[in-house]
Amino acid sequence: MKNAVYDMCAGTFAPMLGTLSQLLDKAAPQAAKTDLADAKLAPDMFPLMLQVQLACHHARDAAARLTKQEPPTLPKETETLDQLKARIARTIEHLNAIEADAFDGAKKRKIEFQLQGPAWFEGTGLEFLRDWSLPHFYFHVVTAYDILRNQGVGLGKRDYMSHIGGHIRQRG
């Protein structure tokens, strides 16, 4: 049996990032007319570009910390939709290259890192994945989806849930 933390990490991040890439594909015609990368839902929220970058970052960060690797740094560059799609592809490729046994012991591994000021995250690998990485990841993916919808891109729930297609069966 595979490692459950590996299954949750690679089995969640890679398919959802594939979905995020498909959302950007649907936005491409509109992106040719307007700068979607800088679009926001609210003045105090990050733009689409950073939402995509942060989704990729949280996926890589989780995999790194859970496999005792050096966590990545946050991206600082400005990227177009095509460059964001390339970032997503590289992140999926990176996640798919990690062997399941690299996650051995990750469930109980102590994960600590400084947040802002004197605040720290402290927990097990499972708590880190469940309570930190997955919520942050999904927040940024769904916010990217919401920005695209808000900008008039023709998306629906089926687009957001496209990664479950392999589980859908016809009965009758």
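Side chains are part of it too, since the values below use all heavy atoms of this structure and drop only hydrogens, waters and symmetry mates. One is the number of the first residue; the rest follow in order along the sequence.
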| message | Looking at Asn3 and Phe103, would you say the former's side chain and the latter's main chain have a donor-acceptor pair under 3.5 Å? | response | yes
| So do the side chains of Met8 and Leu134 get within less than 4.5 Å of each other, counting heavy atoms only? | yes
| task | Could you tell me which non-hydrogen atom of Ala10 sits nearest to which non-hydrogen atom of Pro15, and how far apart they are? | result | O-CD, 3.6 Å
| query | With a 4.5 Å heavy-atom cut-off, do Met49 and Arg87 have their side chains touching? | reply | no
| Any idea which heavy atoms bring Ala14 and Asn96 closest together, and the distance? | CB-OD1, 3.9 Å
| Taking only residues two or more places apart in sequence, or in another chain, which ones meet Lys40 in a salt bridge (Lys or Arg N to Asp or Glu O under 4.0 Å)? | none
| Is any side-chain heavy atom of Leu148 less than 4.5 Å from a side-chain heavy atom of Leu24? | yes
| Quick check, are the ring centers of Trp132 and Phe137 under 6.0 angstrom apart? | no
| message | Working note: Leu20 + Leu17, criterion side-chain contact (heavy atoms from CB on, under 4.5 Å); need CA distance, chi angles, decisive distance, verdict. | response | CA-CA 5 Å; Leu20 182 57; Leu17 286 169; 4.3 Å; yes
| said: Do Lys108 and Thr124 pair up side chain to side chain, a donor and an acceptor below 3.5 Å, judged on atom types alone? | reply: no
| Closest heavy-atom contact between Ser21 and Lys85? | OG-NZ, 2.6 Å
| CZ/Phe13 to CD1/Ile92 distance, rounded to the nearest 0.5 angstrom? | 12.5 Å
| task | Give the C-alpha distance, both sets of side-chain angles, the deciding distance and a yes or no for side-chain contact (heavy atoms from CB on, under 4.5 Å) between Thr143 and Met45. | result | CA-CA 9 Å; Thr143 302; Met45 291 183 78; 3.6 Å; yes
| message | What verdict does the side-chain contact (heavy atoms from CB on, under 4.5 Å) test give for Val142 and Tyr160, after you've listed the backbone C-alpha separation in whole Å, the side-chain angles of each residue and the deciding distance to 0.1 Å? | response | CA-CA 8 Å; Val142 80; Tyr160 180 77; 4.1 Å; yes
| query | Within the distance-only criterion (no hydrogens, no angle test), does the side chain of Gln51 pair as donor or acceptor with the backbone N or O of Leu48 below 3.5 angstrom? | reply | no
| task | Report the hydrophobic cluster partners of Leu50, with the cluster defined as I, L, V, M, F, W, Y residues connected by side-chain heavy atoms closer than 4.5 angstrom, directly or transitively. | result | Phe46, Leu54, Leu74
| message | Please find the pair of heavy atoms, one from Phe128 and one from Ala62, that lie closest to each other, and give the distance. | response | CE2-CA, 3.6 Å
| task | Please name all residues satisfying salt bridge (Lys or Arg N to Asp or Glu O under 4.0 Å) with Glu93, sequence neighbours left out, ordered by chain then number. | result | none
| message | Does Glu79 form a side chain to side chain donor-acceptor pair (under 3.5 Å) with Gln53? I'd like the steps, not just the answer. | response | CA-CA 9 Å; Glu79 293 178 307; Gln53 289 172 337; 2.7 Å; yes
| query | Thr67 side chain to Ala63 main-chain N or O, any donor-acceptor pair under 3.5 Å? | reply | yes
| said: Using every non-hydrogen atom in the two residues, find where Leu95 and Ala59 come nearest and quote the distance to one decimal. | reply: CD2-O, 3.9 Å
| query | Does Ala119 offer a backbone N or O that forms a donor-acceptor pair with the side chain of Gln114 under 3.5 Å? | reply | no
| query | Any link between Leu66 and Leu126 through a network of hydrophobic side chains (Ile, Leu, Val, Met, Phe, Trp, Tyr) touching at under 4.5 Å? | reply | no
| task | Using atom types as modelled and distance alone, determine if a side-chain donor or acceptor of Asp159 lies under 3.5 Å from a backbone N or O of Gly156. | result | yes
| request: Show your working on side-chain contact (heavy atoms from CB on, under 4.5 Å) between Leu36 and Thr34 and close with a plain yes or no. | output: CA-CA 6 Å; Leu36 288 179; Thr34 183; 3.9 Å; yes
| request: Identify whether the distance between the nearest side-chain nitrogen and carboxylate oxygen of Arg109 and Glu127 falls below 4.0 Å. | output: no
| field | Heavy-atom closest pair, residues Cys9 and Leu129 | value | N-CD2, 4.2 Å
| said: Using 0.5 Å steps for rounding, measure from the CD atom of Gln30 to the CG atom of Leu81. | reply: 10.5 Å
